[in-house]
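Please read the structure below before turning to the comments.
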Amino acid sequence: MEEEPSNLPVSLRGRVSAFETRAREAYKRKPISHWILLVLSSAAMLVAFPASSLLSRVYYANGGTSKWIISWVAVAGWPLTALILLPTYLVCKTSPTPLTLKLTYSYIVLGLLSAADNLMYAYAYAYLPASTASLLASSSLVFSALFGYLLVKNKLNAAIVNAVVVITAAMTIIALDSDSDRYGNVTDKQYIWGFVWDILGSALHGLIFALSELVFVKLVGRRSFHVVLEQQVMVSLFAFVFTTIGVIVNNDFQGMKYEARSFKGGKSSYYLVLIWSTISFQLGVLGSVAVLFLSSTVLAGVLNAIRVPLTSIAAVILLKDPMSGLKILSLVVTFWGFGCYIYGSSSPSKDSS
């Protein structure tokens with residue numbers, strides 16, 4: 001009876017010690033350049049994606065009105081990813097993945113879906129505060145899990161199911177708090193549509209994530225850094241083409257001149273917002289690709305969990321977004337849901353080891 005109380009601390013100390021040992025061994029197995037690149041990639045995710053979200057809201061708050069333009073800047077930076085891809089062929093001495101008809105068709109479909117996804121998010125940021133829009137966008141994790149289960153046959157355990165329920169509850173809390181954070185120039189109908197477009201965009205984002213994984217499994221058969229970059233370049237290129245067509249049909253390139261003249265801060269501020277939106281989004285994409293390759297989907301999930309409150313807090317501080325008690329509760333519940341998902345995602349690897 002006297003030995004039982006000491007078992008728990010000993011077991012806990014043993015687990016902490018084992019974790020520290022594994023961490024040291026993992027650190028020693030990789031060169032210092034690996035860890036520097038991982039830190040830089042993680043920082044890119046945590047800074048660039050929130051910055052892109054805030055800049056979208058800055059565009060609308062200062063006189064911008066076009067949803068197509070915001071969709072366009074999200075993919076206009078695809079040459080930056082291509083510039084990163086080209087040296088990998090020389091450094092890694094690899095050759096480009098052969099473009100079969102099925103693979104090309106897959107990239108076209110993913111590009112079309114990505115263009116539609118960006119347009120949905122553009123509508124969401126036009127009508128919702130950045131803090132609210134980022135919280136709603138976290139529901140993409142729910143759809144990623146569901147579509148991953150249906151299409152790629154990824155396993156669903158109790159922790160992941162719990163994460164789905166918890167994040168869904170967080171979205172419901174935001175819906176109940178709709179009156180506290182609606183901008184004065186946004187009608188009830190526009191706010192509701194912003195809410196709907198954000199959820200639909202998150203669902204489509206989850207579908208794109210699952211389909212991308214399916215392309216790797218069924219058509220590519222391998223996953224390396226340059227292969228992931230290839231997919232990103234091709235999908236972004238086709239999304240750029242589809243979005244550019246939409247901008248041209250909607251005459252938004254001509255409308256940019258009028259928007260620039262009426263934009264608060266002048267033309268220079270207008271173009272700087274669009275340029276930095278383009279750069280920040282692509283940096284975030286490159287950071288997420290690098291994290292997935294250098295580490296794991298679990299770390300990518302952790303960073304995604306962290307960037308949701310970062311975006312919300314930055315929006316409150318920099319853009320003066322309203323932050324009610326219910327929104328704070330939703331933020332906490334969302335973070336809990338992310339934690340459940342990360343735990344559930346890491347559980348299979350533990351079991352298999």
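Quick caveat, the model's predicted, so the values are computed rather than measured.
Listed by first and then second residue, the side chain to side chain donor-acceptor pair (under 3.5 Å) pairs involving residues 308-322 are Ser131-Asp321, Ser134-Ser312, Tyr183-Asp321 (not counting sequence neighbours). Among residues at least two apart or in separate chains, side chain to side chain donor-acceptor pair (under 3.5 Å) pairs with a member in residues 260-278 are Glu259-Tyr270.
With hydrogens and angles left out, the side-chain atoms of Thr97 and Glu230 include a donor and acceptor closer than 3.5 Å.
Side chains of Met234 and Leu99 form a contact here, defined as non-hydrogen atoms less than 4.5 Å apart. At a threshold of 4.5 Å between non-hydrogen side-chain atoms, the residues Ser114 and Phe238 do not count as touching.
Without hydrogens or angle criteria, Thr243 side chain to Phe240 main chain gives no donor-acceptor distance under 3.5 Å. The closest donor-acceptor contact from the side chain of Gln282 to the backbone of Ile279 lies at 3.5 Å or more, if one exists at all. For Ser288 (side chain) and Val285 (main-chain N/O), a donor-acceptor pair under 3.5 Å exists by modelled atom type.
A distance below 6.0 Å separates the ring centres of Trp72 and Phe253.
Exactly one residue among Leu113, Ile199, Leu119 makes a side-chain contact (heavy atoms from CB on, under 4.5 Å) with Leu204. That residue is Leu113. Shown are Tyr121, Tyr125, Tyr123, Tyr127; of these, the ring-ring contact (aromatic ring centres under 6.0 Å, His included) with Trp197 is made only by Tyr123.
When all heavy atoms are compared, the tightest approach of Val166 to Val333 is CG1-O, 3.2 Å. Across every non-hydrogen atom of His205 and Asp117, the tightest pair is ND1-OD2, 3.4 Å. In this structure, Asp198 and Ala133 approach most closely via the heavy-atom pair OD2-O, 2.9 Å. Here the shortest heavy-atom pairing between Ala315 and Ala130 reads CB-CB, 3.9 Å.
Hydrophobic clustering, with ILVMFWY side chains joined whenever heavy atoms are under 4.5 angstrom apart, keeps Tyr59 apart from Tyr258.
Scored by the ring pair (Phe, Tyr, Trp, His ring centres under 6.0 Å) test, Phe242 finds no partners at all (sequence neighbours excluded).
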